[in-house]
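What follows is a set of notes on a single structure, which appears directly below.
Each chain gets a letter, A, B and so on, in the order its sequence line appears, and its residues count up from 1.
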2 protein chains.
Amino acid sequence: MHLRLRKEIVCGRFPQGSALAEPVLAEHYQTSRAPIREALIALEREGLVTFEKTGRTRVRTIAAKDLREIMEARAALESMAAGLANRNWKDADTEFVTRNIEKQTNAGSLAELSRLDIDLHQYVVARSGNDRLRQLWEPLRWQWEAHLVEIYRRQKDDDFIPEQETITAHRHLLRALAKGTPSEASQSMMNHILFNLRWAK
Amino acid sequence: MHLRLRKEIVCGRFPQGSALAEPVLAEHYQTSRAPIREALIALEREGLVTFEKTGRTRVRTIAAKDLREIMEARAALESMAAGLANRNWKDADTEFVTRNIEKQTNAGSLAELSRLDIDLHQYVVARSGNDRLRQLWEPLRWQWEAHLVEIYRRQKDDDFIPEQETITAHRHLLRALAKGTPSEASQSMMNHILFNLRWAK
DNA sequence: GGCTCTAAAAGTGTCGACACTTAAGCCTAT
DNA sequence: ATAGGCTTAAGTGTCGACACTTTTAGAGCC
């Protein structure tokens, strides 16, 4: 239930700021309020949902300030993850990332590029071998993904995503990872993510 | 309820690995299972508690591997926080930290030193101005605190805490923060936290 | 028309109940 | 004594109910 609800929120099925009433959701998922309630509590801890003072639940809205916070937190976690991932970086990992970047160059849409981008970042976090890092990172991933979907929904041009720079940064990161220099990989990831902040807003 | 239960877990009222049965807790807190259940779900997301495959709930145990993960994650978040904190670091902040370090030099017990240490780190995270950073950091704080309490409980000597080095590192951090150099503050925090990993285990 | 007050609808927080699952205790047979 | 199996106790997941609170909708008034 938790996962199902999260997916629907991230996919934009419930727009940002919309109310999430327990009886309504219970009806929609053909269940009682108890499981819904549990899912909402978990989602609140993940930051996808907020409880207002009145007890009402809404899908959390992501403003410019939130976006900055998300990117800074991502930069912190992922740069550390990149450094750690070098501890046991294998040729197979290099291959995976290489293939991913290749697909990025051939991506037919922005949505596809974003999906590949998220895949790549998730891969690095997973390869850090630090499970808590992964656990902390995941909520940021959902929030980031939800934000992207929101951008696609209302095709605002000022939400520009620098495709070419992204791919270049990924190549740079890959080189550092393949070379096996943790501090370079870490720094590369840090720059890559914080660079995006220039377009946010 | 969530907060009350967390406090009791962190304080060692429920030892690591002990079972947390909903009916028992409901009896203990003179309430029904529903609020207990909600609290457990939140605590699970915070990492203080685990749900086994069977559905049973236990206080999470912190092994050497977990400790390493916690410290690495803390290093990632707090070094970023230290860098950000410099954006609007005031003289009042320098004063606060200075007083805190003074108290550390006069601390009468290891427990008191730890409390001051946690206060200091929390202060820096709060002053980063990034609320998500704080939100991600808090669970690590509880896990770290629970680990410390566990150490005090079974006075094992191999769990050594380098008091003098800690205070020195805090002074170094303070200098960087007061000087207003984000990268130095960030690096100082990173070194300080990762240094402790040498004594962990 | 717009405003205010009021009544009804909808929502939350908490509770006890029930079926089903898992763990514990016990008893027997070897 | 102990290992295996059976009975009983304990725990979880889900449900509907109820009191209380907040929101909504409408009637009446200016």
Side-chain angles (χ1 to χ4, degrees), chain A residues 1-63 131 135 138-139 142-143 146, chain B residues 1-63 131 135 138-139 142-143 146:
Chain A
M1 181 59 36
H2 171 198
L3 303 177
R4 209 143 49 115
L5 235 183
R6 177 165 65 202
K7 191 192 285 182
E8 301 232 43
I9 290 176
V10 171
C11 290
R13 164 81 180 71
F14 303 103
Q16 297 192 10
S18 62
L20 297 175
E22 292 170 11
V24 179
L25 294 176
E27 168 80 12
H28 182 268
Y29 290 107
Q30 286 299 303
T31 180
S32 76
R33 280 178 54 209
I36 298 290
R37 203 174 164 75
E38 298 181 3
L40 289 179
I41 290 174
L43 290 172
E44 191 269 343
R45 294 275 86 178
E46 290 179 11
L48 281 175
V49 140
T50 56
F51 295 150
E52 307 179 338
K53 300 71 35 213
T54 64
R56 250 70 182 201
T57 309
R58 316 193 82 92
V59 178
R60 191 166 177 184
T61 60
I62 297 181
D131 215 57
Q135 208 175 317
E138 231 155 49
W142 303 125
Q143 292 176 49
Chain B
M1 182 58 38
H2 172 197
L3 302 177
R4 205 138 57 110
L5 234 183
R6 175 165 66 201
K7 191 192 285 183
E8 301 233 43
I9 290 176
V10 171
C11 290
R13 164 81 180 71
F14 303 103
Q16 296 191 8
S18 62
L20 295 175
E22 292 170 12
V24 179
L25 293 175
E27 168 80 12
H28 182 268
Y29 289 107
Q30 287 299 303
T31 180
S32 77
R33 277 177 56 209
I36 298 291
R37 201 173 166 75
E38 298 181 3
L40 289 179
I41 291 173
L43 290 172
E44 192 270 345
R45 295 275 84 180
E46 291 179 9
L48 280 175
V49 142
T50 56
F51 296 150
E52 307 179 340
K53 299 71 34 212
T54 64
R56 250 71 177 194
T57 310
R58 317 193 81 93
V59 178
R60 188 167 180 185
T61 60
I62 298 182
D131 215 55
Q135 207 175 318
E138 231 156 47
W142 303 124
Q143 292 176 48

query: chain B on DNA chain C: first and last contacting nucleotide, 5' to 3', under 4.0 Å to a heavy atom?
result: dT14(C) to dA23(C)
statement: So CG of Leu43(B) and CG of Leu20(B): to nearest 0.5 Å the spacing works out to 8.5 Å
query: Which of residues 24-33 of chain A sit near DNA chain C, with a heavy atom under 4.0 Å from it?
result: Val24(A), Arg33(A)
- line: One should read off an interatomic distance between Arg4(A) CZ and Leu25(A) CG, to the nearest 0.5 angstrom, of 11.0 Å
task: Could you pull out all residues at least two apart from Ala34(B) that satisfy side-chain contact (heavy atoms from CB on, under 4.5 Å)?
output: Ser32(B)
- line: Distance col, row Glu38(B):CD vs Leu40(A):CG, nearest 0.5 angstrom, shows 10.0 Å
Straight-line distance of Glu22(B) CD to Thr57(B) OG1, nearest 0.5 Å: 6.0 Å
query: How many angstroms lie between CD1 in Ile36(A) and CD1 in Ile41(A), if you round to the nearest 0.5 Å?
result: 12.0 Å
statement: Result for 5'-nearest mapping on DNA chain D, choosing between Arg56(B) and Arg56(A), is Arg56(B)
message: Does atom CD (Glu138(B)) have a neighbourhood of more than 12 heavy atoms from anything else shown, all under 6.0 Å?
response: yes
- prompt: Heavy-atom contacts under 4.0 Å between residues 36-53 of chain B and DNA chain C, which residues?
  reply: none
message: Looking at Pro23(A), is its backbone amide N or carbonyl O close enough to the side chain of Arg33(A) to form a donor-acceptor pair, meaning the two atoms are under 3.5 Å apart?
response: no
Can you list, pair by pair, the side-chain donor-acceptor contacts under 3.5 Å of residues 46-53 of chain A, counting residues two or more places apart and other chains?
| unit_1 | atom_1 | unit_2 | atom_2 | d |
| --- | --- | --- | --- | --- |
| Glu46(A) | OE1 | Arg6(A) | NH1 | 2.8 |
| Glu46(A) | OE2 | His2(A) | NE2 | 2.8 |
| Glu46(A) | OE2 | Arg6(A) | NH1 | 2.8 |
| Glu46(A) | OE2 | Arg45(B) | NH1 | 2.6 |

Mind listing the side-chain donor-acceptor pairs of residues 7-15 of chain A below 3.5 Å, one per line with the distance, residues two or more places apart or on another chain?
| unit_1 | atom_1 | unit_2 | atom_2 | d |
| --- | --- | --- | --- | --- |
| Glu8(A) | OE2 | Tyr29(A) | OH | 2.8 |
| Arg13(A) | NH2 | His28(A) | NE2 | 3.4 |

